[in-house]
Amino acid sequence: MRIPNLFIVRPVALDGAFVDLWVVELSRSHRRSLLGRDDAAIIGGMSERTLAIIKPDAVERRLAGPIIHRIESSGFQIRAMRKVRLTKREAEGFYAVHRERPFFGSLTDFMSSGPAILLVLEAPGAIKKWRSLMGATDPAKAEAGTLRKEFAESIERNATHGSDAPETAAYEIGYFFAGIELV
Ligand code: GDP
């Protein structure tokens, strides 16, 4: 029986993060000649999502516009965006992995001190790509041209947040957004 060629673009869960996969299903004979087996699909063009936050220090200094401009001009798709003022408890939940760090109280005070902007960004390699655009945590160590070099006030008031791994991205996106809000 001949299986027709089929090109499908669909969102799937991969390592806990939702990504768009281009799944190309080939005829059985093509699969056998290209991949050496019948049951394989070729997966390519993978996109990834990450959670970004424009932190209260940057929102207060009216830097949201320039930062969003950099996000868009760097090739990210903005899948969701919301302005919120986190409660202390919400900030503590978000940064729970840092609970034992000496700056936890100060960090969560800062993150709940004023409005922040939450974004879900999508691009191939979005997690690394957004962290490169942000620069090092400490602006004194951040490279020229990065957002933190340009906009951060200090190691704590450092303008932006970005997920650091696929599992964290999935957790952080889910912490703030329902799947139906990602467009
Ligand atoms: P990130 O992934 O670059 O955001 O850095 P981390 O996950 O290590 O830290 C989370 C956040 O905690 C940082 O973005 C800063 O806002 C804050 N932070 C990190 N290190 C320090 C520190 O040494 N002192 C203070 N006061 N805040 C820090």
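Atoms within each ligand, like the ligands themselves, are counted from 1 in listed order. Because the structure is a prediction, the values reported are computed rather than measured.
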Expected contact list for ligand 1 at under 4.0 angstrom, heavy-atom basis, is Lys55, Tyr95, His98, Phe103, Leu107, Arg131, Thr137, Arg148, Ile155, Glu156, Asn158

Expected list for residues 111-120: side-chain donor-acceptor pairs under 3.5 angstrom, two or more places apart:
residue, atom, partner, partner atom, Å
Ser112, OG, Thr108, O, 2.7
Ser112, OG, Asp109, O, 3.3
Ser113, OG, Phe110, O, 2.6

Does Arg61 make a cation-pi contact with Phe151 (under 6.0 Å, within 45 degrees of the axis)?
-> no

Relative to each other, are the rings of Phe103 and His98 parallel, tilted or perpendicular (30° and 60° limits)?
-> tilted

Residue set satisfying salt bridge (charged side-chain N to carboxylate O under 4.0 Å, His left out) with Arg157, at least two apart, ordered chain then number -> Glu60, Glu153

Across all chains, not counting sequence neighbours, the salt bridge (charged side-chain N to carboxylate O under 4.0 Å, His left out) partners of Glu90 are none

**Report entry** Aromatic plane relationship, Phe94 with Phe176 - under 30° parallel, 30 to 60° tilted, over 60° perpendicular
**Finding:** tilted

